[in-house]
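This report concerns only the one structure given below.
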Amino acid sequence: MKPTLLIVEDSEATRERLEKAIIEGDTFQLIGSADSYEPASRMLKELSPDILLTDLDLPDGNGIDLIKQLQQPNISTKLAIVITIFGDEGHVINALKAGASGYLLKDDNFIEINNAISQMMNGGSPISPSIARYLLSELSLDTSATSEDQKVLSNREHEILMLVSKGYTSKEIGVMLELSFHTVNAHVKNIYKKLSVSNKTEAIFEATKKGII
């Protein structure tokens with residue numbers, strides 16, 4: 001059974017392009033499409049999609065608030081990916097803190113949207129290259145990391161986080177390091193706890209900020 005997807009995009013032309021890409025990609029089942037916050041909020045509760053694909057700037061609200069809804073106990077959707085025109089640090093960080101697992105810009109090739117969502121489903125954190133470069137360049141200016149910060153993680157945790165930052169999934173990391181999938185996931189959970197984050201994208205961001213990676 002294909003993972004189900006809800007698209008939230010106020011631009012009709014963009015929404016239709018996304019719908020076409022998803023349908024033709026034949027990897028995910030499109031079960032809903034909304035052009036604003038209110039109907040999208042209802043669909044999250046009524047349709048229970050596996051994945052939320054949302055814009056940020058909506059006529060009657062913000063996609064970040066939709067992503068925050070995924071934390072509610074009555075919402076079964078767990079994965080959210082942003083597709084937007086906003087590439088500034090404020091929008092990116094707010095979306096990631098809200099729980100987004102991916103952040104894509106609308107000027108990227110929509111044909112790759114299925115690959116990006118698949119990467120997210122496999123534990124990755126798809127981010128547009130220009131966004132990733134921007135964040136890394138901004139964070140590299142922070143030279144205030146202390147030796148204590150750098151020693152937050154064990155050598156094994158640091159090794160795993162480095163591989164995570166390169167886009168490898170837990171399964172792939174397990175094969176590379178000759179560890180079980182469950183062992184890798186246990187290390188990842190410890191990394192989240194030590195860095196006070198809740199997903200891989202936040203972990204990479206926080207570790208980069210602290211100078212750990």
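A donor-acceptor distance shorter than 3.5 angstrom exists from the side chain of K200 to the backbone of G123, with no hydrogens or angles considered. Checked by atom type and distance alone, the side chain of E202 pairs as donor or acceptor with a backbone atom of S198 at under 3.5 Å. Using a distance-only test at 3.5 Å, with no hydrogens or angles considered, a donor-acceptor pair links the side chain of E9 to the main chain of S11. Under the 3.5 Å distance criterion, the side-chain polar atoms of H158 are matched with a main-chain donor or acceptor of I212.
You'll find the side chain of I51 reaches within 4.5 Å of the side chain of M120, heavy atoms only. Contact of the I7 side chain with the E19 side chain is registered, since non-hydrogen atoms from C-beta on lie closer than 4.5 Å. At least one side-chain heavy atom of S118 sits under 4.5 Å from a side-chain heavy atom of F28. Taking the side chain as every heavy atom from C-beta outward, D65 and Y37 approach each other to under 4.5 Å. For the pair I67/V82, a side-chain contact is recorded, criterion being any heavy-atom separation below 4.5 Å from C-beta on. Contact annotation: the side chain of S41 approaches that of L66 to within less than 4.5 Å [non-hydrogen atoms, C-beta and beyond]. The shortest side-chain heavy-atom distance between K20 and I23 does not fall under the 4.5 Å cut-off. No side-chain heavy atom of P49 sits less than 4.5 Å from a side-chain heavy atom of M43.
Rounded to the nearest 0.5 angstrom, I127 CD1 and Q119 CD are separated by 9.0 Å. In this structure, E159 CD and S154 OG are separated by 9.5 Å, a value rounded to the nearest 0.5 Å. Atom CG of residue L44 and atom CD of residue Q72 lie 9.0 Å apart, to the nearest 0.5 angstrom. Atom CD of Q69 and atom NZ of K45 lie 6.0 Å apart (nearest 0.5 Å). In this structure, OG1 in T54 is found 9.5 Å from CG in D10, a value given to the nearest 0.5 Å. In this structure, the separation between CD1 on I83 and CG on L56 is 10.5 Å, given to the nearest 0.5 Å.
Between K106 and D55 there is a salt bridge, since a side-chain N of the basic residue sits under 4.0 Å from a carboxylate O of the acidic one. Looking at D26 and K2, a side-chain N of the basic residue comes within less than 4.0 Å of a carboxylate O on the acidic one, giving a salt bridge. Between E12 and R17, no side-chain nitrogen of the basic residue sits less than 4.0 Å from a carboxylate oxygen of the acidic one, so the salt-bridge criterion is not met.
Of all non-hydrogen atoms in T4 and S48, the two that sit nearest each other are OG1-O, 4.1 Å. Counting all heavy atoms, side chain and backbone alike, I93 lies closest to F205 at CD1-CE1, 3.2 Å. Residues A116 and L104 come closest through the heavy atom pair CB-CD1, 3.8 Å. Looking at every heavy atom in both residues, I204 comes nearest to S165 through CD1-CA, 3.6 Å. Closest heavy-atom contact between K68 and A98: CG-CB, 3.8 Å. Between D60 and P39, the shortest heavy-atom distance links the atoms OD2-CD, 4.4 Å.
L163 and F181 fall into different hydrophobic clusters, defined by Ile, Leu, Val, Met, Phe, Trp and Tyr side-chain heavy atoms under 4.5 Å apart, directly or through other members. The hydrophobic cluster containing V175 does not contain M162, counting ILVMFWY residues as joined when their side-chain heavy atoms lie under 4.5 angstrom apart, directly or transitively. Under a hydrophobic clustering in which Ile, Leu, Val, Met, Phe, Trp and Tyr are joined whenever their side-chain heavy atoms come within less than 4.5 Å, directly or via other members, I85 and I64 fall into the same cluster.
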CA sep, side-chain torsions, deciding dist, call: L161, L195, side-chain contact (heavy atoms from CB on, under 4.5 Å):
CA-CA 11 Å; L161 184 56; L195 297 179; 4.2 Å; yes
Intermediate values then yes/no, side-chain hydrogen bond (donor to acceptor under 3.5 Å, both in side chains), N122 and T169
CA-CA 6 Å; N122 290 325; T169 65; over 6 Å; no
Run T84 and Y103 through side-chain contact (heavy atoms from CB on, under 4.5 Å) and show every step you take.
CA-CA 8 Å; T84 182; Y103 198 103; 3.3 Å; yes
Walk me through whether I81 and L52 qualify under side-chain contact (heavy atoms from CB on, under 4.5 Å).
CA-CA 6 Å; I81 187 168; L52 169 66; over 6 Å; no
Evaluation steps, side-chain contact (heavy atoms from CB on, under 4.5 Å), between I173 and V164
CA-CA 8 Å; I173 292 172; V164 168; 3.6 Å; yes
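Environment of NZ in K194: crowded, with over 12 heavy atoms of neighbouring residues, nucleotides or ligands closer than 6.0 Å. Within a 6.0 Å sphere centred on CG of N74, heavy atoms belonging to other residues, nucleotides or ligands number more than 12.
A side chain to side chain contact (heavy atoms under 4.5 Å, CB included) with S180 is found for one member of T183, V184, L177 and no other, namely T183.
No hydrogens or angles considered: a donor-acceptor pair under 3.5 Å links the side chains of N115 and E112. T27 and N114 share no side-chain donor-acceptor pair at under 3.5 Å.
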